[in-house]
Engineer: 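One structure follows; several queries about it will come next.
As a basis for the values below, the full set of heavy atoms in this structure was taken, side chains included, without hydrogen atoms, waters or symmetry mates.
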Amino acid sequence: MATIKLSDKLISEARRYADTFSRSVPKQIEYWSRIGKIAEENPDLPYSFIKDILLAKQEMNDQKTTPYKFSKK
């Protein structure tokens, strides 16, 4: 863990989003950082796709997935 200085404006915006999505302010900033890093590494992926990937990874970690059954034609 490290202490860093952030602008009051960023913290205020993070607080608004954190309250909306039931996160702490630090967790909201971590979330934005994670999304930003993924977006920079994958500039062709839209935000919605990145979000879906992160949700799918969490569902796998929580063992909330079911195998896909291919239909037989």
Side-chain angles (χ1 to χ4, degrees):
M1 182 177 282
T3 302
I4 59 172
K5 290 187 179 209
L6 301 171
S7 72
D8 290 338
K9 182 179 177 184
L10 177 63
I11 292 172
S12 177
E13 289 180 31
R15 183 171 286 113
R16 184 173 58 244
Y17 279 80
D19 289 345
T20 300
F21 295 107
S22 301
R23 297 180 181 118
S24 66
V25 172
K27 288 293 180 186
Q28 181 63 43
I29 294 170
E30 285 178 13
Y31 175 75
W32 282 343
S33 174
R34 187 173 183 199
I35 294 290
K37 182 177 183 289
I38 294 168
E40 277 192 352
E41 292 172 349
N42 303 278
D44 296 333
L45 296 181
Y47 169 70
S48 60
F49 191 80
I50 293 170
K51 252 183 22 177
D52 289 345
I53 290 170
L54 293 175
L55 179 58
K57 282 181 68 175
Q58 189 60 49
E59 287 174 348
M60 286 185 65
N61 290 342
D62 295 343
Q63 298 179 344
K64 299 286 184 186
T65 58
T66 55
Y68 182 79
K69 305 247 184 203
F70 290 93
S71 63
K72 296 179 183 179
K73 292 186 178 186

Engineer: Go through E13 and R16 one step at a time and tell me if the side chain to side chain contact (heavy atoms under 4.5 Å, CB included) criterion holds.
Structural biologist: CA-CA 5 Å; E13 289 180 31; R16 184 173 58 244; 3.8 Å; yes

Engineer: Using the ring of each side chain (for Trp, its six-membered ring), is F70 parallel, tilted or perpendicular to Y68, with breaks at 30° and 60°?
Structural biologist: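 Geometry flag for Y68 against F70: perpendicular rings.
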
Engineer: About how many Å separate OH of Y17 and OH of Y31, when rounded to the nearest 0.5 Å?
Structural biologist: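 Here the interatomic distance stands at 11.0 Å.
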
Engineer: Is the side chain of S33 donor-acceptor paired with the backbone N or O of I29 at a distance under 3.5 Å, no angle test?
Structural biologist: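 Absent.
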
Engineer: Following the transitive rule for hydrophobic clusters with a side-chain heavy-atom cut-off under 4.5 Å over Ile, Leu, Val, Met, Phe, Trp and Tyr, establish whether L55 and I53 coincide in one cluster.
Structural biologist: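 Hydrophobic grouping puts L55 apart from I53.
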
Engineer: Is the closest basic N to carboxylate O distance between R34 and E30 below 4.0 Å?
Structural biologist: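 Salt bridge between R34 and E30, a charged N being under 4.0 Å from a carboxylate O: no.
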
Engineer: Are I50 and M60 connected in the hydrophobic side-chain network, where two residues link if heavy atoms are under 4.5 Å apart?
Structural biologist: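 Per the 4.5 Å side-chain linkage, I50 and M60 are not co-clustered.
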
Engineer: Calculate, to the nearest 0.5 Å, the distance between atoms OG1 and CZ belonging to T20 and R15 respectively.
Structural biologist: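 It is 12.5 Å, given to the nearest 0.5 Å.
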
Engineer: Which heavy atom of L54 sits nearest a heavy atom of I35, and at what distance?
Structural biologist: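 In this case the closest contact between L54 and I35 is CD1-CD1, 3.4 Å.
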
Engineer: For D8, is the CG atom crowded, meaning more than 12 foreign heavy atoms sit under 6.0 Å from it?
Structural biologist: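 It does not: D8 CG has 12 such atoms or fewer within range.
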
Engineer: Measure the spacing between OG of S22 and NZ of K27 and express it to the nearest 0.5 Å.
Structural biologist: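 With rounding to 0.5 Å, OG (S22) is 14.5 Å from NZ (K27).
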
Engineer: Rounded to the nearest 0.5 Å, what's the gap from CG on D52 to CD on E59? Could you check?
Structural biologist: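 Answer rounded to 0.5 Å: 9.5 Å.
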
Engineer: Take atom CD in E40; do more than 12 heavy atoms of anything else shown fall under 6.0 Å from it?
Structural biologist: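 At most 12 heavy atoms, drawn from other residues, nucleotides or ligands, come within 6.0 Å of this atom.
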
